[in-house]
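Numbering starts at 1 and runs along the sequence shown.
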Amino acid sequence: MFRKTNASPQLDIFTCPSSMMGKRAVKRYTAPSSWHNQFYKLVTSMIDEDTFSVLFPEGKKDGRPNASIRVLVAMSVLKEGYGCSDEDLFDRCEFDLLVRKALGLGNLDDVVPSLDTWYLFRRRICDYDVRNGTDLMRQCFEQVTGSQVKLLNISGKSVRVDSKLIGSNIAKQSRYTLIHKTLVMFLEHNCLTGLPKRMIARAKEYMEEDSQKTVCRSAGDQLTGRMTRMGQFICSLLKRYKPTVPHYALLKRLFDEQFNVVDGNAGLKDKNDIPGNSLQSPYDKDATYRNKGDQQVTGMVTNITETVEDNKPSIIVSVQVETATTADCHMFQKGIENAESVTGDTVENAYADGAYQSPENRDYAKAHNNMQLKTCKMQGKRSRWELHLREDGNLNVIDLATGESLIAVKAVSKKGGKTRWRIPWEQSKTGWRYFEEKELKAAELRRQIESLPLEEQHKRNNVEAAMFQYSFHTRNGKTRYRGLAKHRMHAYSRCMWMNMRRIMIFHSETCQRTILEAKMAIFSLFLATREAWNEFWVKPKVLQQNAFFGWEPLRMAI
C-alpha cells in the first residue's frame, strides 16, 4: 500500500536531539547553512514521492504501508555522496545525528528503513525500467533539479557538455575465460537430466575446470582447439534446450558473437570480426568495450550537461548513461532536449569538445533556433591545406608544409552531383589533388573554432571539474555496480549530491562576499566621516590657534 511521508513531522521534546544538547551544539545542529539542513531543504524535501507510486499497485490496499520513499531515495544520494559501502551507510543513518537530520529523521525513535527494504526498493526501480522502459530515478532527478533551478532562478540558455567512460565492476577476461564462464553459468542454472551420458560427463568437466589455470598452462593453438570443441558443445546444448530456460539468451548471444557455423560445425571467428558491443562478461551483459585514446574501458559512458551562467552555480541538468560503444556526438541532441525540459529555457550556446562535432549535430544546432555549438577543437589531425573560397568560385589553397599558395579550379565530378576543386599534385597517382565541399566546410569550421575568445574556451574546459567530481569515488575508473540500470541510478544519485554541494558553496561564497562588501562600505563611510570631521572642525581649529600664537606669519616667513 502506497503512503506518502508526513511533510511536517511532530518533534518530541523527549526524543529530539536538540533538547539534550548544549548551546554550542544546538547552534550547529540547527544552523540553516549546515550541510545536513541544506541537504534536507534542497534534496530530501523536494523529492516527489508520487513518481514512485507505480511500484506499489493500487489493488493491494490491505498490505503494510511502504517505508518512506523520500528517505529511501535520499539514502541513495547520501551513499554516492560519501562513496561508502551499504554497511557504512546504514551505520551513519542509525547513529549519525547529522545524517538523520538530513534524511528528515528529527527524533531519536524515528525508524530507518531496513537493509532488505532498501535493496527491494532499488531492485523494483531497475525491474520497472527493464519492463516498461521508464526510468523513475531520472524523473526524480529532473524534478528535484528543476525545483533547484527555479529556486535560484538559474538560466539554461548556455550549457556545456562532456562525457566520461566508467568501468563496470567486472574483471578483465581472456576469450577462453569468457566462453568458459558463460557456459558454466548456463550449466549451473539448468538441470543436466535428459542429456546423453557423454554430454553430462563433458559438462561436469567444464564445471570443475579452472579456466584461468587452463589459460596459463596452454599454448595458443591448444586454447584455439579447446574453444572450438567448446563451441561444438554449446551448439549441441542450444539445440537440446528451450529458449525459455535461464541464461539461454546469454549463451546464444555469446555463441553468435564468437562462433560461425559452417556445414553444421562450429568454428571460431577471427578476433578482429568481433565488435566492441559484444559480451564482455557473463556477469554484466550491458558492459561493452571501448578504446578512447590511451584509455581502455569495459563498461558504460556517462554524458553530463550543466548550465553556464556568471555569478550563479553550474547545475547539472541532464545525465545520460549508455553502453561504452555509444559515441559522444550521438548523445548531444538528447542532452540538449533534457536540459531544456528541466530549465524551461531554449539553449542558445552549447560548449563542448571536438567529439561532439558532426554534420548531424551542426544541422540540429542550425535548425534549433540557430543554436551556437562552440567547441575548442575538432576531431582528427589538422589538414595540410588551408582552404579559402574565392568570389569567382575557385579556391585559394595554401600548403602549410611549404607555404606555397595555389588556386584550385573547379573539376567535373564523375558522379555529376558533387562540386570538387583540384590542383596539380605530383605525389598523387592521377597527378591531381582534389578537394571536396566537406573539406571546405571543415576548414571554415576550424577557423571559426580557433577564433573563439579565450574566455569562451575556458567555459568548456570548466566542465572537467564536473567529470572529476563524478568519478571521484571510483577505483581505477570502476564503479561498484554492474548493469546499465544500476549505473544510471548511481549517476543520478551522484549528480544530485554534486548539485547540492555546488549550491551550498554558492550560498557560502555569496554570504562571505556580502559580509566583505558590508565591511568595505562601513570602512568607506568611516573614512568619509573622518575626512569631513578634519575639513570642517580640525583644520579651522588649528588655523585659529596658529594665528593666535603668531606661528602662521613665522611659518610663512620661513
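The shortest distance between side-chain heavy atoms of Thr479 and His473 does not fall below 4.5 Å.
Legend: residues meeting ring pair (Phe, Tyr, Trp, His ring centres under 6.0 Å) with Tyr40, ordered by chain and number and at least two apart, are absent. Not a single salt bridge (charged side-chain N to carboxylate O under 4.0 Å, His left out) links Asp96 to another residue, sequence neighbours left out. By the salt bridge (charged side-chain N to carboxylate O under 4.0 Å, His left out) test, Lys4 pairs with Asp50, sequence neighbours left out. For His189, the ring pair (Phe, Tyr, Trp, His ring centres under 6.0 Å) partners are His247, not counting sequence neighbours.
Ring planes of His180 and Tyr176: parallel class, angle under 30° (limits at 30 and 60°). Ring geometry for Tyr481 versus His487: interplanar angle over 60°, hence perpendicular rather than tilted (30 to 60°). Ring geometry, Phe90 versus Trp118: the interplanar angle exceeds 60°, so the pair is classed perpendicular (tilted spans 30 to 60°).
Under the salt bridge (Lys or Arg N to Asp or Glu O under 4.0 Å) rule, Asp328 has a single partner from Lys334, Arg290, Lys164, which is Arg290.
Residues Tyr492 and Arg488 have side chains that never bring a donor and an acceptor to within less than 3.5 angstrom of each other. Side-chain polar atoms of Arg253 and Thr182 form no donor-acceptor pair below 3.5 angstrom.
Panel note: side chain Lys285, backbone Leu250; no donor-acceptor pair is recorded below 3.5 Å. Remark: the backbone N or O of Gly106 is paired with a side-chain donor or acceptor of Asp110 at under 3.5 angstrom. Put simply, the side chain of Glu49 gets close to the backbone of Ile69: a donor and an acceptor are under 3.5 Å apart. Under a 3.5 Å cut-off, the side chain of Thr343 and the backbone N or O of Ala339 do form a donor-acceptor pair. For Arg482 (side chain) and Ser168 (main-chain N/O), no donor-acceptor pair under 3.5 Å exists by modelled atom type.
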Show which side-chain atoms of residues 297-305 pair as donor or acceptor with protein atoms under 3.5 Å away, not counting sequence neighbours.
unit_1, atom_1, unit_2, atom_2, d
Thr302, OG1, Tyr470, OH, 2.9
Asn303, OD1, Tyr356, OH, 2.5
Asn303, ND2, Gln320, OE1, 3.0

Residues 236-246, side-chain donor-acceptor partners within the protein, below 3.5 Å, at least two apart:
unit_1, atom_1, unit_2, atom_2, d
Ser236, OG, Gln232, O, 3.1
Tyr241, OH, Cys191, O, 2.9

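Enclosure of atom CZ in Arg131 by more than 12 non-hydrogen atoms of other residues, nucleotides or ligands within 6.0 angstrom is indicated. Within 6.0 Å of atom NZ in Lys269, more than 12 heavy atoms from other residues, nucleotides or ligands are found, so the atom counts as buried in its surroundings. A 6.0 Å sphere centred on NZ of Lys486 holds no more than 12 heavy atoms belonging to other residues, nucleotides or ligands.
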Trace of the side chain to side chain contact (heavy atoms under 4.5 Å, CB included) decision for Cys235 with Phe259: CA-CA 9 Å; Cys235 184; Phe259 299 94; over 6 Å; no

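The cationic atom of Arg92 (NZ for Lys, CZ for Arg) lies less than 6.0 Å from the six-membered ring centre of Tyr82 and within 45° of the ring axis.
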